[in-house]
*Asks:* 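This structure is in structure tokens; I'll ask about it shortly.
Position 1 is the first residue of the sequence; numbering continues from there.
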Amino acid sequence: SHHPRTWHRQRSQNSRKDFVVKKLFYLVLLIVAGGLVYLGYQKFFPSEEKRIRLLFGKVAEVASFSGNEKPFSRLANASKLADFFSANAEINVEVPGQGSRTIQGRDEILQIALAARSNLTGVHVAFFVIIVALAADKESATAEFTAKITQSGQTDFGVQEMKIQLKKTDGNWRITRVDTVRTLGL
């Protein structure tokens with residue numbers, strides 16, 4: 001039979017082992033929980049740079065349309081597009097084959113968006129390689145990217161380098177200025 005002391009020593013080694021396993025389990029659980037909190041925070045409270053990139057994703061989505069858009073949707077989507085801009089926004093773009101064009105203010109942006117949606121068979125807009133530089137005050141930013149605009153079944157306007165200035169207004173980023181970056185090809 002077992003000596004009582006040996007049994008006690010074995011039991012204390014087992015309980016020490018259990019204690020270490022439990023501590024390790026709780027440590028792993030804490031690390032996993034911390035990771036989930038971090039990911040949740042990133043999703044629900046994204047960085048300003050991420051918010052700006054998401055904004056451009058929405059701009060491209062709203063600026064794109066198909067030719068069979070209903071009149072009410074046309075107006076609603078043109079309004080949504082104009083809302084991404086500040087009231088006094090300025091757009092200076094080079095339109096291939098048509099020269100430069102300046103658009104002043106949200107109202108003119110809305111009118112042009114409505115006219116495009118009414119007169120074109122559809123447009124697809126995509127932005128690539130978005131580089132965001134946030135100002136020190138985190139209230140303004142500059143973004144640079146490549147824009148590709150294609151008119152359904154017709155014109156491919158090619159790709160253009162764009163430089164965008166943004167300002168944070170009432171907690172939302174608004175585009176204040178858009179310029180085509182003149183490259184050697186233009």
*Asks:* What residues form a side chain to side chain donor-acceptor pair (under 3.5 Å) with Asn92, not counting sequence neighbours?
*Replies:* Glu90, Thr102, Asp179
*Asks:* Stepwise, does the side chain to side chain contact (heavy atoms under 4.5 Å, CB included) test hold for Val59 with Ile175?
*Replies:* CA-CA 10 Å; Val59 169; Ile175 299 167; 4.3 Å; yes
*Asks:* Please identify each residue that fulfils side-chain contact (heavy atoms from CB on, under 4.5 Å) with Ser64, with sequence neighbours left out.
*Replies:* His124, Val125
*Asks:* Do Ile52 and Ile130 touch side chain to side chain, with heavy atoms closer than 4.5 Å?
*Replies:*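 No, their side chains stay 4.5 Å or more apart.
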*Asks:* With heavy-atom distances below 4.5 Å as the criterion, would you say the side chains of Phe56 and Leu166 are in contact?
*Replies:* yes
*Asks:* Tell me, which pairs form a salt bridge (Lys or Arg N to Asp or Glu O under 4.0 Å) where one or both residues lie in residues 25-37, sequence neighbours left out?
*Replies:* none
*Asks:* Using the salt bridge (Lys or Arg N to Asp or Glu O under 4.0 Å) criterion, which residues pair with Glu144? Sequence neighbours excluded.
*Replies:*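 Testing Glu144 for salt bridge (Lys or Arg N to Asp or Glu O under 4.0 Å), a comparison that skips the adjacent residues, returns none.
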*Asks:* Do Ile91 and Arg101 have side-chain heavy atoms sitting under 4.5 Å apart?
*Replies:* no
*Asks:* Does any non-hydrogen side-chain atom of Lys50 lie less than 4.5 Å from one of Val132?
*Replies:* no
*Asks:* Just jot down the salt bridge (Lys or Arg N to Asp or Glu O under 4.0 Å) partners of Arg106, sequence neighbours excluded, or say none.
*Replies:* none
*Asks:* Provide the full list of salt bridge (Lys or Arg N to Asp or Glu O under 4.0 Å) pairs with a residue in residues 63-78, sequence neighbours left out, each pair given once.
*Replies:* Glu69-Arg117
*Asks:* Yes or no on side chain to side chain donor-acceptor pair (under 3.5 Å) for Thr146 and Glu161, after CA distance, side-chain angles and deciding distance?
*Replies:* CA-CA 5 Å; Thr146 303; Glu161 299 295 317; 2.9 Å; yes
*Asks:* So, do Leu30 and Tyr26 sit near enough that their side-chain heavy atoms are less than 4.5 Å apart?
*Replies:* no
*Asks:* Are the side chain of Thr142 and the backbone of Ala133 linked by a donor-acceptor contact shorter than 3.5 Å?
*Replies:*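 A pair under 3.5 Å: no.
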*Asks:* Within a radius of less than 6.0 Å around NZ of Lys168, do more than 12 heavy atoms belonging to other residues, nucleotides or ligands occur?
*Replies:* yes
*Asks:* Quick one: do Glu61 and Lys58 make a salt bridge, cutoff under 4.0 Å?
*Replies:*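 No, no charged N to carboxylate O under 4.0 Å.
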*Asks:* Is a side-chain donor or acceptor of Thr180 paired with a backbone partner of Glu94 at a separation under 3.5 angstrom?
*Replies:*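 Yes.
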*Asks:* Are Leu75 and Ile109 joined in one hydrophobic group, where the rule is that I, L, V, M, F, W and Y side chains link up if heavy atoms are under 4.5 Å apart?
*Replies:*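 In one cluster with Leu75: Ile109, no.
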